[in-house]
Amino acid sequence: MKKIFTVTLNPVVDLIYSTEGFEKGTTFRCDAYQRVPAGKGLNVSYILSALGVESEAWMLLGESDVSLYESVCQDRGVSLKPFTGGFDVRRHCTILERGGGVTHVQTRGLDIKPEWAEDLIRALTHAVSADDIVVFSGSLPPGLDDGLYASAIRRCRMEGALTLLDASGEPLRQGAAAHPFAVKINEFEARELTGKSISGPQDEYTVLQAVHRLSSIPLAAISLGGRGLIAGGEQGAWRIQVHMNPGEVRDTVGCGDALMAGFVKKLAEGKPEEECFRHGVAVASAAARVAGPGVVNPADVESLMDRIESHRIGT
């Protein structure tokens with residue numbers, strides 16, 4: 001049985017405020033408040049658990065934050081593997097307006113000692129086996145080398161694991177050069193990686209193929225936001241989209257992580273590439289219907305699968 005590991009090196013506690021309306025420079029009343037321990041890899045594990053799939057969430061956590069993460073992970077059925085150090089997990093602020101407006105304030109985080117991350121990667125390398133799936137997600141905190149994902153991918157590949165990468169900037173560039181099994185990026189990251197822009201449908205297949213050619217990455221997915229996903233591998237390339245109704249989208253934070261979770265679920269089941277990508281899009285669209293990262297209603301996923309539009313691109 002394949003095991004799924006998610007890796008989060010720069011987690012975050014999301015502070016989510018709901019309000020009737022928000023205007024910069026004023027005082028407003030908060031109708032509801034949530035404190036959500038999150039992080040891109042952990043969000044993937046949250047979604048997988050909601051879909052009935054087990055995973056292990058490997059994370060760097062500040063010592064004072066462990067109890068919060070343990071409590072929520074226990075409630076949500078996620079197996080947490082914390083590696084702690086003398087730092088505090090960063091905080092993000094999200095303001096949700098009833099009319100649909102969303103405002104985000106994000107921080108980079110505090111410096112992390114390289115030995116803390118090395119302890120996690122060394123233990124992870126010993127834990128994975130052939131055909132296990134390892135998802136490396138998110139930014140690297142200050143203090144860690146940009147090549148850390150690349151090193152971790154190579155070490156897990158030597159154990160026979162399938163490695164998936166969702167990153168940006170230099171960690172993405174170096175990580176992609178380490179031959180991961182799949183990458184999930186957005187339009188901006190695709191341009192960073194290939195030097196090519198997606199100006200219209202005529203560019204989609206060209207850019208996707210350019211990503212594939214980088215270190216011969218077998219599977220690649222490029223999110224186009226509300227315009228859907230272009231993705232493919234050896235079995236072909238597809239453009240996949242769910243048209244959302246007006247007012248149906250509540251919060252897009254974490255939708256990329258939901259896409260990854262939906263894709264990983266079907267990958268672990270050995271499903272064809274197109275089915276993996278279609279399911280990822282359905283899960284991401286379902287996640288957009290609810291507030292907060294790492295939250296999805298499985299019933300929404302099933303209903304949205306019936307609304308997916310998918311067609312081949314390229315040759």
Side-chain angles (χ1 to χ4, degrees), residues 1-6 14 16 34 36 38-57 72-73 75-79 96 100 102 133 135 137 162 164 166 182 184-186 219-233 235 238-311:
M1 180 68 179
K2 293 180 180 178
K3 293 182 65 176
I4 300 171
F5 302 82
T6 65
D14 273 314
I16 304 175
Q34 293 176 276
V36 181
K40 288 185 68 64
L42 180 59
N43 295 344
V44 174
S45 284
Y46 282 156
I47 296 288
L48 285 171
S49 181
L51 298 175
V53 180
E54 294 182 357
S55 68
E56 293 184 5
V72 174
C73 284
D75 289 343
R76 299 181 68 167
V78 172
S79 176
L96 300 177
V102 182
I133 298 172
V135 181
S137 293
L162 298 179
L164 284 65
D166 179 4
K184 196 280 294 179
I185 54 180
N186 59 31
L219 296 180
I222 303 175
S223 172
L224 305 178
R227 303 190 336 270
L229 181 78
I230 53 173
Q235 297 173 15
W238 299 269
R239 196 184 197 289
I240 305 170
Q241 185 174 13
V242 173
H243 291 284
M244 304 293 279
N245 299 319
E248 195 172 5
V249 175
R250 185 177 181 193
D251 185 10
T252 58
V253 173
C255 285
D257 306 324
L259 192 155
M260 177 69 84
F263 171 81
V264 166
K265 180 181 187 295
K266 294 300 179 180
L267 179 66
E269 295 172 357
K271 301 299 184 182
E273 292 171 5
E274 184 185 10
E275 184 174 345
C276 295
F277 293 126
R278 285 169 60 93
H279 191 254
V281 171
V283 175
S285 301
R289 285 178 161 183
V290 294
V295 183
V296 72
N297 183 343
D300 285 345
V301 176
E302 295 304 315
S303 66
L304 288 165
M305 284 292 294
D306 295 333
R307 289 166 50 183
I308 285 181
E309 299 177 3
S310 176
H311 66 266

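Between Thr6 and Glu56, the side chains place no donor N or O within less than 3.5 Å of an acceptor N or O (distance only, hydrogens not considered).
The 12-atom threshold is exceeded at CD of Gln235, counting heavy atoms of other residues, nucleotides or ligands nearer than 6.0 Å.
Atom CD1 of Ile240 and atom OG of Ser310 lie 4.5 Å apart (nearest 0.5 Å). For the atom pair Lys40 NZ and Asp166 CG, the distance stands at 4.5 Å (nearest 0.5 Å).
Asn297 places a side-chain N or O within donor-acceptor distance of the main-chain N or O of Ala299, the cut-off being under 3.5 Å. Remark: side-chain polar atoms of Ser49 are not paired, donor with acceptor, to backbone N or O of Tyr46 under 3.5 angstrom. A donor-acceptor pair under 3.5 Å links the side-chain atoms of Glu248 to the main chain of Asn245, judged by distance alone.
Residues satisfying the salt bridge (charged side-chain N to carboxylate O under 4.0 Å, His left out) test with Arg250, not counting sequence neighbours, are none.
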Problem set entry | Intermediate values then yes/no, side chain to side chain contact (heavy atoms under 4.5 Å, CB included), Val281 and Phe263 | CA-CA 8 Å; Val281 171; Phe263 171 81; over 6 Å; no

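Looking at Glu269 and Lys266, a side-chain N of the basic residue comes within less than 4.0 Å of a carboxylate O on the acidic one, giving a salt bridge.
With contacts defined as side-chain heavy-atom distances shorter than 4.5 Å, the pair Val296/Val290 does not qualify. The closest side-chain heavy-atom distance from Lys3 to Glu54 is not below 4.5 Å.
Residues Leu219 and Gly233 approach most closely at CD2-CA, 3.7 Å, considering heavy atoms. Nearest approach of Phe277 to Ala220, heavy atoms of both residues: CZ-O, 4.0 Å.
Checked options Leu304, Leu51, Val264; the residue passing with His279 is Leu51 (criterion: side-chain contact (heavy atoms from CB on, under 4.5 Å)).
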